[in-house]
Amino acid sequence: MKKVKKYYIICKNGERRYRDKIYKIGKMAVIIDGKSLAKKTRENLKIECEKLKDKGIIPKLAVIMVGDDPASKVYVRNKSKACDEIGVKYEEYILKDSITQKELIDLIHKLNEDKTVNGILLQSPIPNHLDIDEAFREISSEKDVDGFNPVNIGKLLLNQDTFVSCTPYGIMKMFEEYNIDLEGKNLVIIGRSNIVGKPLMACCLNNHATVTVCHSRTKGLKEKTKNADILIAAIGKSKFVTADMVKEGAVVIDVGINRGEDKKLTGDVDFEEVKKKASYITPVPGGVGPMTIAMLMNNVIKATINQNK
Ligand code: NDP
């Protein structure tokens with residue numbers, strides 16, 4: 001990263017990113033602008049989509065949702081909007097809570113065989129009586145745009161070309177955009193879920209970071225986080241990461257999305273306090289969230305290109 005003046009940095013693409021004004025009187029993190037990076041990513045994908053359309057190929061994403069979880073409805077709506085913006089066809093399958101495992105798997109098989117469908121996404125959570133692991137396993141690895149199929153997760157671990165799950169992939173794009181080099185860095189992830197923590201661990205390891213993954217049974221969490229050059233929180237607990245857990249000058253990535261009683265969104269990091277200590281930080285909203293959807297679109301276009309080679 002090239003520091004040009006005191007108040008802004010030059011990003012890889014030549015854009016200026018301004019530090020918060022308080023930086024003038026003390027220290028303050030660069031706010032990683034996931035919203036504008038996601039917008040730029042979608043604009044580039046729209047061009048890719050147009051190129052495909054010129055060849056008579058229209059990418060299509062099929063989304064399966066079981067039940068009517070309000071948060072899932074919002075996520076699904078946002079995905080549909082992103083498809084519209086880019087020019088990807090969007091097909092939604094809303095299934096009743098009472099659906100059987102066989103009915104769910106039959107639908108997945110039907111979509112696997114449908115040549116007009118390039119990407120399949122199963123929105124989680126799904127009701128407890130259904131086996132989500134089996135469902136992810138049955139989505140064709142070539143259409144698995146969420147990167148949750150064990151074949152694709154295995155490829156990610158082996159550092160082979162695959163569909164990287166969208167949240168970790170979005171975080172890697174942020175590092176790239178802001179010239180944050182992972183090589184040799186002490187990188188701590190709080191959270192070991194299959195959809196965020198574990199694939200993120202593989203992505204960071206593949207980029208030569210020294211990775212520590214923490215979870216609810218971790219002992220001495222604060223000692224570990226205080227040692228992190230890069231700290232990533234994916235916990236699901238509002239403002240869990242406080243300033244005293246963060247090393248001076250650390251890069252802090254907040255994956256958490258928590259909705260308070262006042263309906264306000266907060267992350268897993270105490271943003272206002274931690275930004276005084278960090279060198280870079282992602283906000284919530286406007287950080288990792290928009291990048292997740294942009295990378296889903298990236299994976300749909302990638303799947304379409306691969307299937308039409
Ligand atoms: P999970 O609930 O599946 O995982 C949470 C992880 O946090 C678990 O590994 C858990 O440990 C760990 N954890 C919980 N409490 C503690 C604690 N006190 N100390 C240390 N670790 C703890 O959540 P997800 O990974 O699915 O999501 C995490 C957050 O990210 C949520 O807020 C979610 O909404 C958000 N999210 C945001 C996305 C985006 O696009 N921005 C995408 C996906 C998720 P253990 O394994 O031991 O239980």
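From a predicted model like this one, the values you see are computed outputs, not experimental measurements. Atoms within each ligand, like the ligands themselves, are counted from 1 in listed order. In what follows, residues are counted from 1 in the order of the sequence shown. We use all heavy atoms of the structure for the numbers below, so side chains are in, but hydrogens, waters and symmetry mates are not.
Here is the list of ligand 1 atoms found below 4.0 Å of a heavy atom in I195: 26 (O). Taking every non-hydrogen atom of I190 and a distance limit under 4.0 Å, the qualifying atoms of ligand 1 come out as 20 (C), 21 (N).
The protein heavy atom nearest to atom 31 (C) of ligand 1 is G236 CA, 3.6 Å. Taking atom 36 (N) of ligand 1 as the reference point, the nearest protein heavy-atom neighbour is V255 O, 3.7 Å. Distance from atom 47 (O) of ligand 1 to its nearest protein heavy atom, with residue and atom name: S216 OG, 2.5 Å. Remark: minimum distance from atom 42 (C) of ligand 1 to any protein heavy atom is reached at T167 OG1, 3.2 Å. Among protein heavy atoms, atom 33 (C) of ligand 1 sits closest to I257 N, 4.2 Å. Scanning the protein heavy atoms around atom 44 (C) of ligand 1, the nearest turns out to be V196 CG2, 3.9 Å. When hydrogens are left out, the protein atom nearest atom 17 (C) of ligand 1 is F240 CZ, 3.7 Å; that is the closest non-hydrogen contact. At the top of the distance list for atom 5 (C) of ligand 1, counting protein heavy atoms only, stands I235 O, 3.3 Å.
Between the CD atom of E48 and the NZ atom of K302 there is a distance of 13.0 Å, given to the nearest 0.5 Å.
Contact check on K39 versus E43 returns a salt bridge, with a Lys/Arg side-chain nitrogen under 4.0 Å from an Asp/Glu carboxylate oxygen. Taking 4.0 Å as the cut-off between side-chain N and carboxylate O, E273 and K239 do not count as a salt-bridged pair.
Remark: among candidates K198, R192, H215, R259, the nearest residue to atom 21 (N) of ligand 1 is H215, based on non-hydrogen atoms. For atom 15 (N) of ligand 1, the nearest non-hydrogen atom from the set K237, M291, M295 comes from K237. When the heavy atoms of T292, L221, T282 are ranked by distance to atom 39 (C) of ligand 1, first place goes to T292. When the options S165, S124, S193 are ranked by their closest heavy atom to atom 23 (O) of ligand 1, first place goes to S193.
Checking only distances, R217 never comes within under 3.5 Å of ligand 1, N or O to N or O.
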Can you give each donor-acceptor pair under 3.5 Å made by side-chain atoms of residues 148-156, sequence neighbours left out, with the distance rounded to 0.1 Å?
from	atom 1	to	atom 2	distance (Å)
N149	OD1	V151	N	2.7
N149	ND2	R137	O	3.3
N149	ND2	I139	O	2.7
N152	OD1	T162	OG1	3.0
N152	ND2	S141	O	3.0
N152	ND2	D144	OD2	2.8

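In this structure, A234 is part of the shell of residues with a heavy atom less than 4.0 angstrom from ligand 1. Note on ligand 1: G197 sits outside its first shell, no heavy atom being nearer than 4.0 Å.
Legend: side chain to side chain donor-acceptor pair (under 3.5 Å) pairs involving residues 221-236, not counting sequence neighbours, sorted by first then second residue: K222-D244, D229-K247.
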Item to check | From CA spacing to verdict: side chain to side chain donor-acceptor pair (under 3.5 Å), T41, N44 | outcome: CA-CA 5 Å; T41 308; N44 290 337; 5.9 Å; no
Item to check | Full working for side chain to side chain donor-acceptor pair (under 3.5 Å) between E134 and Q101 | outcome: CA-CA 9 Å; E134 188 199 12; Q101 181 74 8; 2.6 Å; yes
